[in-house]
Number of protein chains: 2
Amino acid sequence: MKDISWESYRIFLDVARQGGLTGAAQAIGLSPATVGRRVLQLEEAIGRALFLRSQTGYRLTGEGQALYERLLGMEAIARGVESWRQEGQGTSTVRVMAGTWVTWLVCENMSAICTGKDPFRLDLSVSERRATLTHREVDVGLRAVEPTEPALISRPAGDVAYAPYRRKNAGDALADRWLAVSEEDAVSAYLRWPHERTGNSVAVIVSRPRSLLDLVRSGAGQAVLPCFVGDLDPDLERAGEEIRELRHHQWIVANSEDRHRRDIRTVSDRLFRLLKSHGDLFAGKRPSRT
Amino acid sequence: MKDISWESYRIFLDVARQGGLTGAAQAIGLSPATVGRRVLQLEEAIGRALFLRSQTGYRLTGEGQALYERLLGMEAIARGVESWRQEGQGTSTVRVMAGTWVTWLVCENMSAICTGKDPFRLDLSVSERRATLTHREVDVGLRAVEPTEPALISRPAGDVAYAPYRRKNAGDALADRWLAVSEEDAVSAYLRWPHERTGNSVAVIVSRPRSLLDLVRSGAGQAVLPCFVGDLDPDLERAGEEIRELRHHQWIVANSEDRHRRDIRTVSDRLFRLLKSHGDLFAGKRPSRT
DNA sequence: GAAATGTCTTTCATGGATGAAAAACATAGC
DNA sequence: GCTATGTTTTTCATCCATGAAAGACATTTC
């Protein structure tokens with residue numbers, strides 16, 4: 001049986017992402033005609049319909065979606081190879097993976113991590129699930145559990161505390177209006193907590209943790225947030241005590257084989273300093289700020 | 001800058017594995033001439049020499065080795081896609097990942113897991129490092145730590161105990177002749193133990209845990225082994241008490257989205273029964289056996 | 001409602017990737 | 001030392017994948 005060309009996987013990913021042949025063709029550097037033919041071949045080889053075709057573009061079918069999710073992993077590794085390739089070439093890219101909120105904090109303080117003067121680019125990817133550093137998908141990761149793999153080096157970066165938050169002066173009207181992410185997206189303990197502990201009083205469900213903050217600010221209800229997020233927002237107040245069972249440590253992790261790479265080391269160090277300087281906030285000690 | 005074709009990655013992997021163009025060409029279904037050209041292009045694109053060429057074949061350079069290891073991850077995912085593809089086609093493959101010794105036990109008891117009558121093939125891969133089930137590289141995994149990812153379902157499968165072993169009647173001559181795997185390959189706690197706790201009395205170093213058993217049997221020294229391995233071997237005896245600090249639980253893990261796949265469920269169940277029936281052995285309770 | 005714009009798909013000529021075969025070379029066996 | 005067998009590499013004709021352009025069709029705009 002003839003194997004499926006890996007190249008068609010890459011083409012498939014681009015078509016799925018761009019939502020059509022034209023965009024994908026541009027992204028890859030082929031003609032739309034060819035891209036269409038390759039997708040057709042792939043569907044033939046897989047034996048399933050991957051796209052819903054229309055005059056306006058391509059949309060993934062359910063099975064297409066399933067394939068897409070699997071192939072994202074391949075793409076991540078390919079990106080890893082690409083940045084490995086760049087190492088010798090002068091320009092380098094450091095790929096950092098973190099959860100929603102640490103990413104948010106890093107964005108707010110980007111100048112502390114990477115400036116125009118640095119000889120590297122930063123590739124920040126958000127993911128609640130654990131990055132597989134062993135496969136080198138990313139160079140630096142933030143984790144809530146200490147890695148056991150000896151191929152990884154980790155540095156403890158303090159505690160993270162969680163508490164429920166609501167809009168200031170909202171009173172107790174929101175007491176049983178919890179905001180949560182959908183159960184299939186609830187990949188961390190603090191995201192699962194509302195489902196497990198509030199007894200079906202989840203009023204609004206969103207798919208991204210980031211939306212929780214927006215909802216709380218709009219006064220739609222209360223949500224569990226990391227203290228460093230909630231306490232930093234002048235429009236929010238705690239709707240209760242810290243939820244101690246959610247408290248966890250935090251580690252900065254890197255592949256030990258990359259120890260020598262200066263840029264990775266730099267990013268890792270600066271990340272460490274950033275987290276350290278916000279240590280009290282992370283730990284929920286509520287320093288008085290604006 | 002033109003991206004590197006993923007197809008050349010696949011070709012590279014085959015050349016590296018087969019050790020030459022001819023074998024790879026056969027494996028992929030291309031001519032040696034083409035394979036050679038594709039490898040040349042890849043080296044050109046990467047900007048580094050990947051192979052040492054000779055009339056007798058291709059050997060990886062250091063950088064080639066680095067690339068090879070990264071790309072193994074891509075291949076694992078591609079295999080996952082392939083077996084996903086097969087699902088609809090009648091014949092299916094269940095991919096199981098386990099450590100050296102559980103794999104060994106499964107091989108010894110293959111008839112309990114998969115027989116000729118079953119409508120699926122078994123794909124057993126050995127790896128001491130944790131399989132990334134989230135990317136669906138494998139369908140069923142064995143782990144020493146309980147997974148925190150909610151996308152995974154896990155089932156506790158008892159305890160695993162470790163002890164030092166030596167050849168029977170070898171006396172105390174071997175007392176400080178420890179056998180171990182090299183430090184970079186020592187990815188599990190029991191493999192690191194000799195390095196950390198025996199104070200430089202490691203006499204022989206091998207790269208594969210599997211070789212430890214052969215060495216112990218030949219009387220070359222003593223080594224830490226899981227009790228279910230050492231106690232089952234009539235030629236070995238314990239060279240000391242169980243090492244309690246190494247004892248750990250064991251979980252059978254699967255991706256929860258595959259819950260409905262009958263064959264995966266079957267393999268998982270049989271694996272569970274196999275481990276359960278050897279529960280006392282795993283826990284080091286030394287039932288009297290031949 | 002007609003025109004404009006954006007898709008995907010088909011057609012067809014072309015060129016670059018491909019394989020067969022030969023050449024060049026190393027190794028193993030006798 | 002010579003032959004046999006296995007490599008890689010080169011040569012060259014072929015053919016298949018490719019892109020340009022045209023066609024078909026939906027959607028948006030005026």
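Letters go in sequence order (proteins before strands), and every chain restarts at 1. The basis for the numbers below is simple: all heavy atoms, side chains too, and nothing from hydrogens, waters or symmetry mates.
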By nearest-heavy-atom nucleotide on DNA chain C, the more 5' of A/Gly36 and B/Val35 is A/Gly36
Sequence-distant partners of B/Ser182, side-chain hydrogen bond (donor to acceptor under 3.5 Å, both in side chains), two or more places apart = B/Asp185
From B/Gln18 atom CD to B/Ile28 atom CD1, the distance as rounded to the nearest 0.5 Å | 8.5 Å
With sequence neighbours left out, the residues meeting side-chain hydrogen bond (donor to acceptor under 3.5 Å, both in side chains) with A/Ser188 are none
May I have the step-by-step check of side-chain contact (heavy atoms from CB on, under 4.5 Å) for B/Arg48 and B/Leu67, ending in yes or no?
-> CA-CA 10 Å; B/Arg48 316 184 188 196; B/Leu67 180 62; over 6 Å; no
Students should find that the nucleotides of DNA chain C closing off the region near chain B, any atom under 4.0 angstrom from a heavy atom, are C/dT18 to C/dT27
For the pair A/Glu82 and A/Arg85, evaluate salt bridge (Lys or Arg N to Asp or Glu O under 4.0 Å) and give the outcome as yes or no after the intermediate values.
-> CA-CA 5 Å; A/Glu82 183 54 30; A/Arg85 191 188 69 77; 2.9 Å; yes
Which two nucleotides bound the region of DNA chain D that has atoms under 4.0 Å from heavy atoms of chain A, read 5' to 3'?
-> D/dT18 to D/dT27
Can you sort out which residues in residues 13-25 of chain B have a heavy atom within less than 4.0 Å of DNA chain C? Ascending by number, please.
-> none
Drop me the distance from A/Asp139's CG to A/Arg261's CZ, to the nearest 0.5 angstrom.
-> 5.0 Å
Those residues at least two apart in sequence (or on a different chain) that pass side-chain hydrogen bond (donor to acceptor under 3.5 Å, both in side chains) with B/Arg208 are none
side-chain contact (heavy atoms from CB on, under 4.5 Å) with B/Ala66: which residues, sequence neighbours excluded?
-> A/Trp84
Would you please test A/Leu213 and A/Trp101 for side-chain contact (heavy atoms from CB on, under 4.5 Å) and show each step?
-> CA-CA 10 Å; A/Leu213 179 58; A/Trp101 301 114; 3.6 Å; yes
B/Phe120: ring-ring contact (aromatic ring centres under 6.0 Å, His included) partners, not counting sequence neighbours = none
Of residues 51-63 of chain B, the positions that come close to DNA chain C - non-hydrogen atoms, cut-off under 4.0 Å | B/Gln55, B/Thr56
Please round to the nearest 0.5 Å and tell me the distance separating atom CD of A/Glu44 and atom CD1 of A/Ile4.
-> 10.5 Å
How many angstroms lie between CG in A/Leu30 and CZ in A/Arg38, if you round to the nearest 0.5 Å?
-> 7.5 Å
Could you tell me, to 10°, how much the axis swings from one end of the helix from C/dG1-D/dC30 to C/dC30-D/dG1 to the other, five pairs per end?
-> 30°
Counting only heavy atoms not in A/Arg265, do more than 12 fall under 6.0 Å of its CZ?
-> no
Got a sec, which residues hit side-chain hydrogen bond (donor to acceptor under 3.5 Å, both in side chains) with B/Gln55, two or more places apart in sequence or on another chain?
-> none
Can you sort out the partners of B/Gln65 under side-chain contact (heavy atoms from CB on, under 4.5 Å), two or more places apart, ordered by chain and number?
-> B/Leu60, B/Tyr68, B/Glu69
